[in-house]
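See below for the structure under consideration.
In this text the structure is predicted, and so the values were computed from the model without any measurement. Along the sequence shown, the residues carry numbers beginning at 1.
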Amino acid sequence: MKMKVLVFFVATILVAWQCHAYNMFPLRMNTDYAARSTEAKCASWRLAVEAQNIFGFKTIPEECVESTKEYIHGGQYESDSKTVNQQAYFYARDLEVHDNDVFVFSIDATVLSNVPYYSEHGYGVEKYNSTLYDEWVNKGVAPALPQTLINYNKLLDLGFKIVFLSGRTEDKREVTEANLKAAGYHTWHQLILKDPKFITPNALAYKSAMREKLLRQGYSIKGIVGDQWSDHLGDHRGDSRSFKLPNPMYYIE
Ligand SMILES: *[C@@H]1O[C@H](CO)[C@@H](O)[C@H](O)[C@H]1NC(C)=O
Ligand SMILES: [Mg+2]
């Protein structure tokens, strides 16, 4: 009898300990659960966005505002950006560099950060407002994405030519040049901005057309660094590899 009591006692302790380890006391309200499940869902959402399994979204899910904020400011965004830029450098380092070899960079959310804007606009939960966004761009105060700036300097050292290819329109040339320089991008081979008379169905078609022009000019595109799938998925990519930077806040077709 004593033995049975002892076995029961030990078993109870073991079960309780297991339940504790897995945080599943059935009768205790688990106040962390909702927050953790939202975090897991939003991390999955971001991964699906990066993998182009989710696309064409106009706003991020409302429940993901806090999680996106934490992603952006808590170190994960910079870590992800570092990994992508580092891989671009590792790839470039092993290439034999020729005179006309270029790396094509997007500008917004790739070389210049628009986190200061989006942190005032719900991290993408508000619908895109071109008036407000243009006002912010025209201030020319965007900081560099630090990990892209490091990669940019390394690619220059390796001898690659840098082309900035942006959906920003020509009227923003002066402010864009000043902003790039202020952020630490001291040189580039071409800065391609959008002629508003050049109508394309979307950014993907525009960027493809501009790359075609580069190829016709005799450049060899070795790498593309951009935060949008429309920077990567079009035609006329030369023999480039793609380096997709994270952007959990908005989607451009
Ligand atoms: C953009 O924001 C401005 C200023 O808040 C507002 O007047 C305008 O209606 C907004 N535009 C759209 C399309 O929401
Ligand atoms: Mg971009």
Side-chain angles (χ1 to χ4, degrees), residues 52 80-114 137 142-170 172-195 198 200 202-247 252-253:
Q52 180 82 345
D80 290 349
S81 304
K82 180 175 181 171
T83 297
V84 175
N85 274 299
Q86 230 172 18
Q87 291 302 319
Y89 169 66
F90 292 158
Y91 154 77
R93 188 177 61 176
D94 290 339
L95 295 176
E96 193 189 316
V97 189
H98 306 97
D99 207 34
N100 281 339
D101 288 351
V102 302
F103 259 77
V104 176
F105 283 79
S106 151
I107 292 186
D108 290 278
T110 293
V111 305
L112 295 178
S113 171
N114 49 22
V137 164
L145 261 97
Q147 297 300 330
T148 309
L149 182 57
I150 291 169
N151 183 26
Y152 156 90
N153 279 312
K154 289 184 167 178
L155 293 175
L156 280 176
D157 285 348
L158 289 173
F160 288 97
K161 290 186 161 59
I162 302 296
V163 169
F164 293 129
L165 170 51
S166 172
R168 290 186 176 196
T169 42
E170 275 294 347
K172 298 191 181 67
R173 181 166 291 274
E174 209 175 313
V175 73
T176 300
E177 286 181 354
N179 198 157
L180 285 167
K181 291 204 162 142
Y185 299 92
H186 53 91
T187 187
W188 51 84
H189 198 65
Q190 285 193 32
L191 168 59
I192 303 173
L193 301 180
K194 195 164 189 289
D195 176 353
F198 182 64
T200 54
N202 51 34
L204 185 140
Y206 159 69
K207 295 215 165 178
S208 299
M210 295 302 107
R211 284 195 303 268
E212 185 180 19
K213 203 167 152 188
L214 281 172
L215 294 174
R216 277 205 314 267
Q217 289 166 351
Y219 295 105
S220 175
I221 304 173
K222 292 296 175 187
I224 299 172
V225 184
D227 62 289
Q228 293 294 320
W229 276 110
S230 50
D231 298 326
H232 301 285
L233 289 180
D235 298 329
H236 311 297
R237 308 176 29 91
D239 54 354
S240 64
R241 249 191 77 179
S242 268
F243 298 94
K244 167 69 174 71
L245 284 171
N247 190 338
I252 299 175
E253 306 225 320

Subject >> Test ring-ring contact (aromatic ring centres under 6.0 Å, His included) applied to Tyr89 - qualifying residues, sequence neighbours left out >> reply: none
Counting only pairs under 3.5 Å, give me each side-chain donor-acceptor contact of residues 205-215, with atom names and distances, residues two or more places apart or in other chains.
{"unit_1": "Tyr206", "atom_1": "OH", "unit_2": "Ser166", "atom_2": "O", "d": "2.7"}
{"unit_1": "Tyr206", "atom_1": "OH", "unit_2": "Lys194", "atom_2": "N", "d": "3.4"}
{"unit_1": "Lys207", "atom_1": "NZ", "unit_2": "Leu165", "atom_2": "O", "d": "3.1"}
{"unit_1": "Lys207", "atom_1": "NZ", "unit_2": "Asp231", "atom_2": "OD1", "d": "2.8"}
{"unit_1": "Ser208", "atom_1": "OG", "unit_2": "Leu204", "atom_2": "O", "d": "2.8"}
{"unit_1": "Ser208", "atom_1": "OG", "unit_2": "Arg211", "atom_2": "NH2", "d": "3.4"}
{"unit_1": "Ser208", "atom_1": "OG", "unit_2": "Asp235", "atom_2": "N", "d": "3.2"}
{"unit_1": "Arg211", "atom_1": "NE", "unit_2": "Asp235", "atom_2": "O", "d": "3.3"}
{"unit_1": "Arg211", "atom_1": "NE", "unit_2": "His236", "atom_2": "O", "d": "3.1"}
{"unit_1": "Arg211", "atom_1": "NH1", "unit_2": "Asp231", "atom_2": "O", "d": "3.3"}
{"unit_1": "Arg211", "atom_1": "NH2", "unit_2": "Asp235", "atom_2": "O", "d": "2.7"}

Subject >> Partner set under salt bridge (charged side-chain N to carboxylate O under 4.0 Å, His left out) for Asp94, not counting sequence neighbours >> reply: none
Subject >> From CG (Leu158) to CG (Asn153), nearest 0.5 Å >> reply: 11.0 Å
Original post:
Who pairs with Phe198 by ring-ring contact (aromatic ring centres under 6.0 Å, His included), at least two apart in sequence or on another chain?
Top reply: none
Subject >> Results of ring-ring contact (aromatic ring centres under 6.0 Å, His included) for Phe243 - residues two or more places apart only >> reply: Tyr91
**OP:** Identify, with sequence neighbours excluded, every residue that meets side chain to side chain contact (heavy atoms under 4.5 Å, CB included) alongside Ser240.
**Re:** Ile221, Ile224, Arg237
Original post:
Is a salt bridge present between Lys222 and Asp239, judged by a nitrogen-to-oxygen distance below 4.0 Å?
Top reply: yes
Original post:
Leu145 and Ser81: which non-hydrogen atoms are nearest, and at how many Å?
Top reply: CD2-OG, 4.2 Å
Original post:
Parallel, tilted or perpendicular: which describes the rings of Phe103 and Phe105, with under 30° parallel and over 60° perpendicular?
Top reply: tilted
**OP:** Kindly compute the distance separating CD (Gln87) from OG (Ser242), expressed to the nearest 0.5 Å.
**Re:** 13.5 Å
**OP:** Kindly write out the residues that satisfy side chain to side chain contact (heavy atoms under 4.5 Å, CB included) with Lys161, not counting sequence neighbours, or none if the list is empty.
**Re:** Asp99, Val102, His189, Tyr219
**OP:** With rounding to the nearest 0.5 Å, note down the distance linking CD1 in Ile252 to OG in Ser106.
**Re:** 7.5 Å
**OP:** With sequence neighbours excluded, tell me which residues meet side-chain hydrogen bond (donor to acceptor under 3.5 Å, both in side chains) with Glu170.
**Re:** Arg173
**OP:** Identify the two heavy atoms, one from Val225 and one from Thr110, that lie closest to each other, and give their separation to 0.1 Å.
**Re:** O-CG2, 3.6 Å
**OP:** Mind listing the closest non-hydrogen atom pair of Ala183 and Ala144 along with its distance?
**Re:** O-CB, 3.5 Å
Subject >> CG on Leu245 to CD on Gln147, rounded to 0.5 Å >> reply: 10.0 Å
Original post:
Side chains of Val84 and Lys244: closer than 4.5 Å at any heavy-atom pair?
Top reply: no
Subject >> Residues which pass side chain to side chain contact (heavy atoms under 4.5 Å, CB included) with Asn114, listed by chain and number, not counting sequence neighbours >> reply: Asp108, Ala109, Tyr118, Tyr133, Trp136, Met249, Tyr250
Subject >> Which residues share a salt bridge (charged side-chain N to carboxylate O under 4.0 Å, His left out) with Glu174, sequence neighbours left out >> reply: none
Original post:
With Asp157, which residues qualify under salt bridge (charged side-chain N to carboxylate O under 4.0 Å, His left out), at least two apart?
Top reply: none
Subject >> Minimum side-chain heavy-atom gap Phe160-Lys154 below 4.5 Å >> reply: no
Original post:
Is any side-chain heavy atom of Leu155 closer than 4.5 Å to a side-chain heavy atom of Tyr152?
Top reply: no
Subject >> Pair Asn100-Ser220, side-chain donor/acceptor within less than 3.5 Å >> reply: no
Original post:
When rounded to the nearest 0.5 angstrom, what is the spacing between CG in Leu95 and CZ in Arg241?
Top reply: 9.5 Å
Original post:
More than 12 non-hydrogen atoms from neighbouring residues, nucleotides or ligands closer than 6.0 Å to NZ on Lys82, yes or no?
Top reply: no
Original post:
Can you check whether Ile150 reaches Asn85 side chain to side chain, under 4.5 Å on heavy atoms?
Top reply: no
**OP:** State, to 0.1 Å, how close Thr169 and Leu193 come at their nearest heavy-atom pair, and which atoms those are.
**Re:** O-CD1, 3.9 Å
Subject >> Leu180: partners by side chain to side chain contact (heavy atoms under 4.5 Å, CB included), with sequence neighbours left out >> reply: Ile107, Val111, Leu112, Phe164, Thr176, Tyr185, Trp188, Leu191
